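Worksheet: the structure to be examined is printed underneath.
Just so it is clear, the model here is predicted, and its values are computed rather than measured. Below, all heavy atoms of this structure are taken into account, side chains as well, without hydrogens, waters or symmetry copies.
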Amino acid sequence: PSIMEFTHANGRHFGIDVRHPMFDRRLVELAMRIPPPLKLKDGWTRYILRAAMSGIVPDTVRWRPGKSTLAPNFDLKMSHEASGPTTEILIESESVIGDFVDFSRLRKHLAENRHQTLWPAVVLASFLSN
């Protein structure tokens, strides 16, 4: 849930309505009707999805055991496109969120372009300012 909240907060900030194909009501209803042996088979979660994507998604992706993180891409995009506004919001809101946030760490994260770790502070600052 926190990843989806984070994703939706990011989208709202940039005026984007974020949609996730796995949250389609019809797909959820279908998933609820799938027999358990097709959900978990031979130790593989989401077995039916992995099998259905044969020939569509490369096997190295289809059968990977874990997920990747979007943090590097998020940090890269934010450092190029939103570094100024992010810095302004955080600096202007120090008196608003200072009781909740360690600003010495925030400045360090700003200098290192670690926007994913800064984003919760930006959201907090925006929320408390409004």
Exercise. What's the shortest heavy-atom distance between Phe103 and Leu90, and which atoms?
Worked result: CE2-O, 3.3 Å

For this session: Please indicate whether Lys108 has more than 12 foreign heavy atoms, meaning atoms of other residues, nucleotides or ligands, lying under 6.0 Å from its NZ.
Result: no

Seminar exercise, completed: So CG of Asn73 and CE of Met78: to nearest 0.5 Å the spacing works out to 11.5 Å

Exercise. Going only through I, L, V, M, F, W and Y residues with side-chain contacts under 4.5 Å, is there a path from Phe100 to Val122?
Worked result: yes

Exercise. Going through the checks in order, is the side-chain contact (heavy atoms from CB on, under 4.5 Å) test met by Asp24 and Val28?
Worked result: CA-CA 6 Å; Asp24 183 276; Val28 172; over 6 Å; no

For this session: Give, for atom CG of Leu38 and atom CZ of Arg46, the distance between the pair rounded to the nearest 0.5 Å.
Result: 15.0 Å

Seminar exercise, completed: Rounding to 0.5 Å, atoms CG (Leu118) and NE2 (His109) come to a distance of 7.0 Å

For this session: Kindly compute the distance separating NE2 (His13) from CD1 (Ile89), expressed to the nearest 0.5 Å.
Result: 5.0 Å

Problem set entry | Donor-acceptor under 3.5 Å (Asp75 side chain, His115 main chain) | yes

For this session: May I ask whether Val57 and Trp44 are part of the same hydrophobic cluster, defined by side-chain heavy atoms of I, L, V, M, F, W, Y residues being less than 4.5 angstrom apart, directly or through others?
Result: no

Exercise. Angle class for the Tyr47/Trp63 ring planes (parallel below 30°, perpendicular above 60°, tilted otherwise)?
Worked result: tilted

Exercise. Can you name the closest pair of heavy atoms from Val96 and Leu128 and give their distance?
Worked result: CG1-CB, 3.5 Å

For this session: Output the distance between atom CG (Leu110) and atom CD1 (Ile91), rounded to the nearest 0.5 Å.
Result: 7.0 Å

For this session: May I have the step-by-step check of side-chain contact (heavy atoms from CB on, under 4.5 Å) for Thr45 and Lys39, ending in yes or no?
Result: CA-CA 6 Å; Thr45 59; Lys39 292 180 184 180; over 6 Å; no

Problem set entry | Interatomic spacing from CZ in Arg114 to OG in Ser79 - rounded to 0.5 Å | 13.5 Å

For this session: Using modelled atom types only, decide if a donor and an acceptor are shared between the side chain of Lys41 and the backbone of Ile48 within a distance under 3.5 Å.
Result: no

Exercise. Thinking salt bridges, do Glu94 and Arg107 make one under a 4.0 Å N-O criterion?
Worked result: yes

Exercise. For the residue pair Thr60 and Arg64, what are the closest heavy atoms and their distance?
Worked result: O-CB, 3.5 Å

Seminar exercise, completed: Scanning both residues in full, the closest heavy-atom pair of Ala125 with Ile97 reads CA-CG2, 3.7 Å

Exercise. More than 12 foreign heavy atoms under 6.0 Å from CZ of Arg105: is that the case here?
Worked result: no

For this session: Answer yes if Leu40 and Met32 sit in the same cluster of Ile, Leu, Val, Met, Phe, Trp and Tyr residues linked by side chain heavy atoms under 4.5 Å apart, and no otherwise.
Result: no

Problem set entry | Minimum heavy-atom distance between His8 and Val18, given as atom pair plus value | CE1-O, 3.2 Å

For this session: Look only at the side chain of Ser54 and the backbone of Ala51, and say whether a donor-acceptor pair between them is shorter than 3.5 Å.
Result: no

Seminar exercise, completed: Of all heavy-atom pairs linking Ala52 and Ile56, the shortest is O-CD1, 4.0 Å

For this session: Determine whether more than 12 heavy atoms belonging to other residues, nucleotides or ligands lie under 6.0 Å from atom CZ of Arg62.
Result: yes

For this session: State whether the side chain of Ser129 and the backbone N or O of Ser126 hold a donor-acceptor pair below 3.5 Å, judged by distance alone.
Result: no

